[in-house]
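Bear in mind the structure is a predicted one, so any value in this text is a computation, not a measurement. Numbered from 1 within each chain, the chains take letters A, B, ... in sequence-line order. Heavy atoms only: backbone and side chains are in, while hydrogens, waters and symmetry mates are out.
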Protein chains: 2
Amino acid sequence: MSVTIKDIAKLAGVSHTTVSRAMNDSPLINDETKLRIRALAEQLGYTPNLYAKSLVSDRSHHVGLFFTTLYTGTSAGFFHDAVRGVSEVLRSGYQLVVKGIDDCRAGGFHTITSKSFDGIIAVSQSEEDDDFLASVREKGIPLVVLNRQLEEGQCLNIVSDEAEGVRQAVGYLLKLGHENVAMIAGKPGFKSAVVRRSGYEEALAAAGIDVRRDYVAAGEYTVESGLAAMRRLLRLRERPTAVFCANDQMALGAMKAIAEAGLRAPEDIAVAGFDDDVFAAYVTPALTTVRRPIAEMSRMAAQRLLQEIEQGRPAPETVYVRTELVVRESAAPPQKPGM
Amino acid sequence: MSVTIKDIAKLAGVSHTTVSRAMNDSPLINDETKLRIRALAEQLGYTPNLYAKSLVSDRSHHVGLFFTTLYTGTSAGFFHDAVRGVSEVLRSGYQLVVKGIDDCRAGGFHTITSKSFDGIIAVSQSEEDDDFLASVREKGIPLVVLNRQLEEGQCLNIVSDEAEGVRQAVGYLLKLGHENVAMIAGKPGFKSAVVRRSGYEEALAAAGIDVRRDYVAAGEYTVESGLAAMRRLLRLRERPTAVFCANDQMALGAMKAIAEAGLRAPEDIAVAGFDDDVFAAYVTPALTTVRRPIAEMSRMAAQRLLQEIEQGRPAPETVYVRTELVVRESAAPPQKPGM
DNA sequence: CCACACTTTGCACACGTGAACAATCCGTCC
DNA sequence: GGACGGATTGTTCACGTGTGCAAAGTGTGG
């Protein structure tokens, strides 16, 4: 049995109201009794029952961090960075509940109420999440959406400018002198897959190069799928001399396929990735990629969410966070024909 | 404002108790009224207030998943696998709260009470967590400890037999013919670092080889630290021909250092890792390593915890999960001298 | 000495839910 | 016809906390 304010009240010979006031720094109490009661509470190891508090105060002290899915499609590095960033800001003031949106959908999002969450951060990777986001907004729960861009003005939306990041990477490959630049695309249904592909096409168009359909190989954001996609690209009659991969895991798979085929990166085929995953700097050759500051974005999301919870609804703006091209070793100029 | 059972009661012309009974499938109610009330509840979009339920039923519907730290020392793949495994079992029946033990310590674990958590899974990597574990047990919260072995009989403890795993890996290197086998050790203070080092020493002892102090390089479980440690090992006068790394991230760094030095793995130096991290199969050369079934372990932990919550305390046993040597390409027999 | 203000405390209720107990209705059996 | 029992519903209280309002105590100024 745990200690309640009534227990303390009885021992201190006061009413439970007085104890409540002592614990909450109310001005309606004598300093002396406050200290006396607090000492007693400390001694008895009193911890308030947060559920009772929640019931009366309508504050749950829980923040939800929801991902499109916890299973395939969410890379470990991305997931870890996001949880860390949010957790760092919340520390012990709030409890962080981590969930996959797909796991909740079965119950029609019934378990998600304004009573059970003070606020929600949704790390959205797909338009499939829209029903979830609508449900959250409808219930009036403070919401920040991370990673995927929404229609303007729905809620606070923090995204990296992915298309720009991809243009940087593909532009870099083109500047090195590559003309046959292929792409391994992301998981179908994921918005980022579409955006990154557009960035690729725009970069080519800006250089006056036509997009070849057979140069875009479908992937799934997993290492395996990158391996398989690269194998297909290598079988093409006019083999690409460079490949941009929609994330680093697939780039890793692609490099594996290149090695398998007896070729070398970057000499025979230049490779660029996206995400700057934990391992990117340390594979051989070190991966040239685009960094998205996930941890920073999630920290910002958490800060803004707390602000919204504690001070009320801010303007629903869209915040763009800059990506950064990280040049390492996996991309080099093409070999001259005949060399 | 959200709908409560009292609202429904008023509209249906019954008492709130009757509504409660309708929602909870009580036998003390007429089927007809039950259906009528349920239809009404559905129509009004009623969702029960879990905090009120918690208050009266002493069940919080929250399960805690605690890591030693969410920051350095916990690799992304490990973290992701653990959260996924637990989440998969819990699905939507419970809310999963993810936290770092270090983040809670500041508040003296005051926020962790039997009222706020129905059960806790601790993924412990260090003896520093003992104060936390003691605090949880003292409060009578069902507890499963994952990953680190405890004194027998404290609570349900699920661990992989890491020493055996290391012996397999080092034994494999020895069997290939290596005599100068070095090790890059784990983060000081982490129990796994000690256990894995012991495994290494035992394997050498079993083969009648003395442990050389200069062959054990300190690491931190990060890729960078593996890189730095390997650089140090490469500077030794009698260079090792094989190196066992206490995790895959450090093995990645080690391979990087080997490439930097103009050497090749596995031809010049054989490398073996530990964990079978997501990227292990896809780096070049593919990493020979030891697989720990983290996802399976965490699924088991979640299942056993639910069982304990719902059916009462089971025997506090220690469950060993077998590790598995995964032979890939990064380890090969040593080159003959003079070749 | 009284009126008034201020400080400090307690009483009673509310939050939303579940459960023990009482009350009512209906049918059955002796 | 009265006693009994089962089915169904309502009344009341409890869970632990915060708050509006009343009450008691203290001091101050006229």
Side-chain angles (χ1 to χ4, degrees), chain A residues 1-38 40-41 44-62 110-118 139-140, chain B residues 1-38 40-41 44-62 110-118 139-140:
Chain A
M1 277 309 299
S2 42
V3 188
T4 73
I5 54 173
K6 289 188 183 175
D7 299 331
I8 300 178
K10 198 167 290 177
L11 267 87
V14 297
S15 74
H16 80 273
T17 312
T18 304
V19 178
S20 170
R21 284 196 265 257
M23 304 312 290
N24 296 317
D25 252 339
S26 162
L28 302 174
I29 190 175
N30 182 299
D31 278 350
E32 209 171 319
T33 44
K34 171 155 79 181
L35 292 176
R36 185 168 59 91
I37 288 172
R38 286 204 180 181
L40 188 56
L44 294 175
Y46 167 73
T47 47
N49 181 324
L50 290 181
Y51 294 100
K53 266 187 144 82
S54 296
L55 186 58
V56 61
S57 69
D58 247 0
R59 292 275 301 272
S60 71
H61 308 281
H62 286 267
H110 273 330
T111 54
I112 299 151
T113 61
S114 60
K115 306 282 181 185
S116 50
F117 290 101
D118 286 344
K139 290 168 185 157
Chain B
M1 280 309 299
S2 40
V3 188
T4 72
I5 54 172
K6 289 189 183 174
D7 300 332
I8 300 177
K10 199 167 290 175
L11 267 87
V14 296
S15 74
H16 81 272
T17 313
T18 304
V19 178
S20 171
R21 285 196 264 255
M23 304 314 290
N24 295 317
D25 251 339
S26 161
L28 303 174
I29 190 175
N30 182 299
D31 280 349
E32 209 170 318
T33 43
K34 170 155 79 181
L35 292 176
R36 184 167 61 91
I37 289 173
R38 286 205 178 178
L40 188 55
L44 295 174
Y46 167 74
T47 47
N49 182 327
L50 289 181
Y51 295 101
K53 267 187 142 81
S54 295
L55 186 57
V56 61
S57 67
D58 246 1
R59 291 276 300 273
S60 71
H61 308 281
H62 286 267
H110 273 330
T111 54
I112 298 151
T113 61
S114 60
K115 307 281 181 186
S116 51
F117 291 101
D118 285 344
K139 290 168 185 157

Checking side chain to side chain contact (heavy atoms under 4.5 Å, CB included) between B:I29 and each of B:T18, B:V19, B:T17, which is the one that passes?
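Exactly one candidate clears the test, B:T18.
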By the 4.0 Å heavy-atom rule, please label [X] as base, sugar-phosphate, or nothing.
X	answer
B:S15	base
B:L55	base
B:S54	nothing

Would you kindly give the [atom1]-to-[atom2] distance between [X] and [N], to the nearest whole Å?
X	N	atom1	atom2	value
B:I29	C:dC25	CD1	C1'	16 Å
B:I8	C:dG18	CD1	P	11 Å
A:R59	C:dG16	CZ	C1'	19 Å
A:E32	D:dG25	CD	P	18 Å
A:D31	C:dT9	CG	C1'	15 Å
B:L50	C:dG16	CG	P	14 Å
A:D7	D:dT17	CG	P	9 Å
A:K115	C:dT17	NZ	P	9 Å

Looking at [atom1] of [X] and [atom2] of [Y], how far apart are the two atoms once the value is rounded to the nearest 0.5 Å?
X	Y	atom1	atom2	answer
B:R38	B:T33	CZ	OG1	11.0 Å
B:K115	B:S54	NZ	OG	10.5 Å
B:I5	B:H16	CD1	NE2	5.0 Å

Closest-nucleotide ordering on DNA chain C, the 5'-leading residue of A:G13 and B:N49:
A:G13
So, is [X] near the phosphate of [N], with a side-chain N or O under 4.0 Å from OP1 or OP2?
X	N	answer
A:T17	C:dG10	no
B:Y51	C:dG18	no
B:S57	C:dT17	no
B:K53	C:dG18	yes
B:N30	D:dT8	yes

Among [options], which nucleotide sits nearest the side chain of [X]?
X	options	result
A:P48	D:dT17, C:dG10, D:dT9	D:dT17
A:K6	C:dT9, D:dG16, C:dG18	D:dG16
A:R21	D:dG16, C:dA20, C:dT9	C:dT9
A:T18	C:dC15, C:dT9, D:dG10	C:dT9

Between A:L28 and A:M23, name the one whose nearest nucleotide on DNA chain D is closer to the 5' end.
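Upstream on the strand: A:M23.
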Any donor and acceptor pair, going by atom type alone, linking the side chain of B:S116 with main-chain N or O of B:T111 inside 3.5 Å?
yes
Parallel under 30°, tilted from 30 to 60°, perpendicular over 60°: which one fits the rings of B:H62 and A:Y51?
tilted
Any donor-acceptor N/O pair under 3.5 Å between D:dG10 base and B:H16 side chain
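Per atom types, no contact qualifies.
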